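All values derive from a computational prediction rather than experimental measurement. Any value given below was found using the heavy atoms of this structure, including those in side chains, with hydrogens, waters and symmetry copies removed.
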Amino acid sequence: MEKLSKRPFLLAGTIFNVACLLLLAITSSVNLFNIFVDMDTSVSADALLIFSIFVNIMLIALSLVGIVMSAICMMRVNISVKAFHGKRFLILSTFILNIVTIVFALLAMKIAFDILTLFVCLALICASVFIFLDYYKNKVRFYKEQAEEVKEIK
C-alpha cells in the first residue's frame, strides 16, 4: 500500500480560496444589483457601464467555478504522491483560475475602487501561493521517488 502524504498548504489554500471566492461572488452580485438599480432607463448605456456589468458577471461566474474546483481539490489533500501527480492538472487549473479571477477583480477595482475587493484580491494571491506551494513540493517529491525507483532497478 502506498504511503499517504499530507498537504497542509493545499488544504489551507483551498479553504481560504472557497471563503474568498464566496465573498467575491457576493460583493460582485451586490455591485451588479447596484448597477442595475442606478441605471437610468432614459439614457443609453455607455461603454463603461456595459464593461462594468460584463466584469461583474464574469467575476460571479469565475467565483462559482472556482468554489467548485477548490472543493474538489480539498478531496486531494490526503492522497499518495503518485495519485496526486495524476490529478495535478485540476490543482494547476484551480491556480490558473485564481490568477484569472484576480485579474478580473483588479479590472473591477479599476472601474470602481472597493476596499473589500482589494483585501479579497490579496487573500486570493495568498491562497494561490499556498496551492502552488504544495503542487511544487509534490512535483519534487514525485520525481525524487521516480529517481529512487530507477536506482533500485539498476
Side-chain angles (χ1 to χ4, degrees), residues 4-143:
L4 296 180
S5 179
K6 294 184 180 183
R7 295 173 184 83
F9 288 122
L10 181 66
L11 181 63
T14 53
I15 290 172
F16 214 44
N17 207 17
V18 168
C20 291
L21 290 174
L22 186 63
L23 192 60
L24 189 64
I26 291 169
T27 58
S28 296
S29 300
V30 169
N31 288 343
L32 194 61
F33 178 74
N34 288 337
I35 290 170
F36 285 133
V37 167
D38 292 341
M39 196 171 5
D40 190 13
T41 57
S42 63
V43 179
S44 63
D46 59 341
L48 185 65
L49 188 66
I50 294 171
F51 186 68
S52 179
I53 291 170
F54 170 74
V55 167
N56 281 310
I57 289 174
M58 285 301 294
L59 276 174
I60 294 168
L62 287 172
S63 295
L64 294 177
V65 171
I67 288 170
V68 170
M69 289 178 72
S70 294
I72 294 171
C73 285
M74 275 187 217
M75 293 185 280
R76 310 283 195 271
V77 170
N78 225 6
I79 59 177
S80 68
V81 174
K82 194 174 232 179
F84 188 86
H85 187 72
K87 312 276 187 192
R88 70 187 183 275
F89 295 112
L90 179 70
I91 286 96
L92 198 57
S93 298
T94 304
F95 174 75
I96 292 170
L97 186 73
N98 273 357
I99 302 303
V100 171
T101 305
I102 291 167
V103 168
F104 271 100
L106 290 175
L107 281 174
M109 282 191 342
K110 179 88 170 145
I111 296 169
F113 183 75
D114 184 15
I115 194 76
L116 183 61
T117 307
L118 176 67
F119 286 136
V120 168
C121 279
L122 293 174
L124 278 175
I125 290 170
C126 186
S128 298
V129 168
F130 281 169
I131 290 170
F132 192 76
L133 233 148
D134 263 343
Y135 169 79
Y136 183 74
K137 282 172 40 179
N138 189 76
K139 185 177 178 182
V140 168
R141 220 188 285 161
F142 176 75
Y143 287 122

Would you sort out whether Leu97 and Val65 count as a side chain to side chain contact (heavy atoms under 4.5 Å, CB included), showing the intermediate values? CA-CA 9 Å; Leu97 186 73; Val65 171; 3.9 Å; yes
Exam field: side chain Asn56 to backbone Ser52, donor-acceptor pair closer than 3.5 Å: yes
Nearest heavy-atom approach of Ile79 to Lys87 is CD1-CG, 4.4 Å
Can you tell me how far OG1 of Thr117 sits from CG of Leu107, rounded to the nearest 0.5 angstrom? 12.0 Å
Closest non-hydrogen atom pair between Ser70 and Thr94, with its separation: OG-CG2, 3.8 Å
Side chain to side chain, Thr27 and Val120, heavy atoms closer than 4.5 Å: no
Any side-chain heavy-atom pair of Leu24 and Leu124 under 4.5 Å: yes
Less than 4.5 Å apart, any side-chain heavy atom of Leu106 and any of Met109? yes
Within a radius of less than 6.0 Å around CZ of Phe142, do more than 12 heavy atoms belonging to other residues, nucleotides or ligands occur? yes
Hey, mind stepping through Arg7 and Phe84 against side chain to side chain contact (heavy atoms under 4.5 Å, CB included) and telling me if it holds? CA-CA 10 Å; Arg7 295 173 184 83; Phe84 188 86; 3.3 Å; yes
Indicate the atoms forming the closest heavy-atom contact of Gly13 with Phe130, along with that distance. CA-CB, 3.8 Å
Let me confirm one number: the CG-CZ distance from Leu11 to Phe16, rounded to the nearest 0.5 Å. 13.0 Å
Could you check whether any side-chain heavy atom of Val55 comes within less than 4.5 Å of a side-chain heavy atom of Lys110, counting everything from C-beta outward? no
What one should report as the nearest heavy-atom pair of Phe51 and Ile111 is CD2-CD1, 3.4 Å
Interatomic distance, Met58 atom CE to Ile53 atom CD1 [nearest 0.5 angstrom]: 14.5 Å
Kindly indicate whether the side chain of Met69, heavy atoms from C-beta on, has any atom under 4.5 Å from the side chain of Leu90. yes
Measure the spacing between SG of Cys73 and CD1 of Ile15 and express it to the nearest 0.5 Å. 12.5 Å
Could you give me the CA-CA distance, side-chain angles and deciding distance for Asn98 and Leu21, then say whether side chain to side chain contact (heavy atoms under 4.5 Å, CB included) is met? CA-CA 9 Å; Asn98 273 357; Leu21 290 174; 4.2 Å; yes
Between OG of Ser128 and CG of Asn17, what distance do you get to the nearest 0.5 Å? 6.0 Å
Quick check: do Phe119 and Leu23 have side-chain heavy atoms less than 4.5 Å from each other? no
Just so I know, are the side chains of Thr14 and Val18 near enough to count as touching, which here means a heavy-atom distance under 4.5 Å? no
Measure from the ring center of Tyr135 to the ring center of His85 and say whether it is less than 6.0 Å. no
In this structure, are over 12 heavy atoms from other groups packed under 6.0 Å from Phe89 atom CZ? no
Less than 4.5 Å apart, side chain to side chain, heavy atoms only: is that true for Leu22 and Ser63? no
Check step by step if side chain to side chain contact (heavy atoms under 4.5 Å, CB included) holds for Phe132 and Ile91. CA-CA 8 Å; Phe132 192 76; Ile91 286 96; over 6 Å; no
Least distance between heavy atoms, Ser29 atom then Ile60 atom: OG-CD1, 3.6 Å
To the nearest 0.5 Å, what is the distance between CG on Leu133 and CZ on Phe95? 10.5 Å
